[in-house]
Amino acid sequence: MEKLVLDNVYFDYGTGSVLTGLDLTIGTGEFVAILGASGSGKSTLLRLLAGLAQPQRGRVLLDGKPIVGPGLDRGVVFQDYSLFPWLTTEQNITLALGQVLGQSKDINEVRSIAREYLDLVGLGGTYKKYPGELSGGMRQRAAIARVFAVGSPVLLLDEPFGALDPITRARLQDLLLHLWTEAEQRRTVVFVTHDVEEAILMADRVVLLGASSGRVKEQISVLLPRPRSRESLYRDERFHNLRNYLIDLLNEDIIASLGEGTWIMQPAEGI
Amino acid sequence: MGGLVRNINSYRGTLVMIAMLLVLFELATDIFHWLDPILFPGFSKIGPALLESLPQLKEGLISSLGLLVPSYLLALTTGVGMGLVIGRYEPLRKNLMPIFHGISPIPPTLYIPYALAILPTFWLSSTFIIFIGSLWPILMGTIHGVVLLEGRYLDNARALELKGWKMLTRIILPAASPMIFNGAGIALVFAFILLTVAEMFGAKSGLGYFIQLNADFSEYGRVLAGLIFMSTFIVLVMGLFEAIQRRSLHWTNKR
């Protein structure tokens, strides 16, 4: 079933086109990774799905209806600013929960739901901590707790682990996959990343955006069985083939936009 | 108690400088008589003057606070309230800003004759002058705070469908609060200046009145005692303000 549809979407920020006639369909319960070099429009695509931006042309649909603005039916996690720094982790989640549950719910009940989700992501002792008192990884854990607590059927994640060190990153990838797999009703996930391995590890399908074309360059279903472990993936030839194929495609674009052969001869900047 | 000792320790340099100034002043007055003895009495005169005027100074302080606190609080609520609305609503802001830029630099003391003529009591006119003077920095600070609000907070709030009162109180107000505090601090200094000015015209009580009255009778020992009393009080108030500010903005220096 089609959950999200981008149909012939055009978008520009006034400084040049970012998306030029992009088409993409995402099925219900599908985990899709959007891969692309910086400037390829992958964050823009996410903003369109989130309703934080509107396309100049084309249609963006959720359950067949045009997206006209942001909504709680789509939970968003940004790279490093999903939490409000003046609220504690618990308050960040109760604020979001209050939006879904309405004012009728008892505050203690809302609080206990928030704590339940904080416990779930391993932030048991941090209910009263402010985001500034937490590490980047813990902040992203709290952001994930929030998005799962709200229970939106669609999750939009914009390079959520992009600012983390490799080990924290791996832990959070596992956490997200775990929460996504365990849920009774699988959520539709759009996961923006520039990390090829992360995309393959997490997604059912990898969508590669062209570096400057403003369209989908390639789409590949990841047929590796779940649950996937890093160890088994690294031993699996299919993983390496897929990785190399995607890296080649990414490099192709990067080399094309740099103008291969000329850059080596150019004097280094700033010397 | 430990906190107090730590605080005093961290301001050791300030205390040394104040002590040096006091010693220099004492040398210039009581000891070597470098300065005019009537205008600049030494501590031999200021000290007793301060002690004997303490009851009057306390009374004056209470009367001054009766002017300062209501006018400042009114300016704070009006300034923040108006600033949030004007900052959020662009057409309003666009049309009002040129007017604000035209009016805000006018020294509030210029309104004194009008205030005295139009408003029925001295208390009301002084309150009005202090209110106007402290309103501008708070209003402008709030508007700037709302305008310069980081887009990522707004995106985040919009994604959570926050609107109306909740959006204003839970997101916009805290996000703008660093700039609001900045304006409120400037406004507090203005309020003290205007308080003294207002009390020097036609008041019958208050610290400004005490200083003006004694200056009229050339009682400069008491004038200086009044000044010392007043600045000590202002330092304490500013310290309290900064403590509130630090507490409310604890989240800013960590992110």
Side-chain angles (χ1 to χ4, degrees), chain A residues 43-44 46-54 67-89 91-103 128-136 139 142-143 146-147 149-150 152 154-158 163, chain B residues 76 80-81 83-84 87-90 138 141-185 241-255:
Chain A
S43 290
T44 304
L46 204 83
R47 288 181 67 80
L48 291 173
L49 292 174
L52 293 167
Q54 301 296 324
I67 292 172
V68 290
L72 288 160
D73 48 5
R74 285 149 288 148
V76 190
V77 174
F78 300 99
Q79 192 178 90
D80 193 29
Y81 49 88
S82 298
L83 305 175
F84 299 110
W86 51 85
L87 300 176
T88 62
T89 53
Q91 287 169 334
N92 265 289
I93 298 175
T94 51
L95 178 70
L97 279 172
Q99 292 296 101
V100 198
L101 303 171
Q103 306 301 326
K128 301 286 174 210
K129 294 263 193 231
Y130 289 87
E133 298 173 294
L134 304 175
S135 67
R139 284 202 288 268
R146 189 180 79 180
V147 93
V150 168
S152 321
V154 176
L155 304 185
L156 306 171
L157 306 116
D158 190 2
Chain B
L76 194 63
V80 172
L84 289 177
R88 277 294 277 170
Y89 192 55
E90 215 212 312
I138 297 171
T142 309
I143 292 175
H144 286 144
V146 175
V147 172
L148 298 176
L149 206 138
E150 290 183 58
R152 53 193 207 175
Y153 295 147
L154 285 181
D155 280 351
N156 215 337
R158 284 176 61 207
L160 293 175
E161 287 189 41
L162 287 164
K163 291 185 191 87
W165 181 248
K166 217 170 180 181
M167 176 76 164
L168 213 58
T169 53
R170 301 299 297 272
I171 309 301
I172 309 285
L173 184 65
S177 60
M179 295 286 264
I180 296 177
F181 268 106
N182 193 22
F241 178 84
E242 273 169 26
I244 295 172
Q245 183 175 18
R246 249 198 317 278
R247 236 193 136 86
S248 316
L249 301 183
H250 66 90
W251 52 273
T252 52
N253 44 17
K254 284 178 194 137
R255 281 219 59 186

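The sequence lines fix the lettering, A, B, ..., with proteins before strands; numbering per chain opens at 1. What you see is a predicted model; the values in this text were computed from it and never measured.
Heavy atoms closer than 4.5 Å to chain B are found nowhere in A:L156, neither backbone nor side chain. Neither the backbone nor the side chain of B:L249 comes within contact range of chain A; no heavy atom of the residue lies under 4.5 Å from a heavy atom of that chain.
No donor-acceptor distance shorter than 3.5 angstrom exists from the side chain of B:E161 to the backbone of A:Q99, with no hydrogens or angles considered. Formation of a donor-acceptor pair under 3.5 Å by the B:N156 side chain with backbone atoms of A:Y81 is found in this model.
Residue-environment remark: NZ (B:K166) exceeds the threshold of 12 foreign heavy atoms within 6.0 Å.
Considering CG of A:L52 and CG of B:L154, their distance stands at 10.0 Å, rounded to 0.5 Å. Atom CZ of B:R170 is separated from atom CD of A:Q91 by 6.0 Å, given to the nearest 0.5 angstrom.
Scanning both residues, A:P70 and B:R158, for their nearest heavy atoms gives CB-O, 3.2 Å. Nearest approach of A:P85 to B:Y153, heavy atoms of both residues: CG-OH, 3.4 Å.
Using a 4.5 Å cut-off on side-chain heavy atoms (C-beta onward), B:W251 and A:P131 make no contact. With contacts defined as side-chain heavy-atom distances shorter than 4.5 Å, the pair A:W86/B:I171 qualifies. For the pair A:Y130 and B:H250, the minimum side-chain heavy-atom distance is below 4.5 Å.
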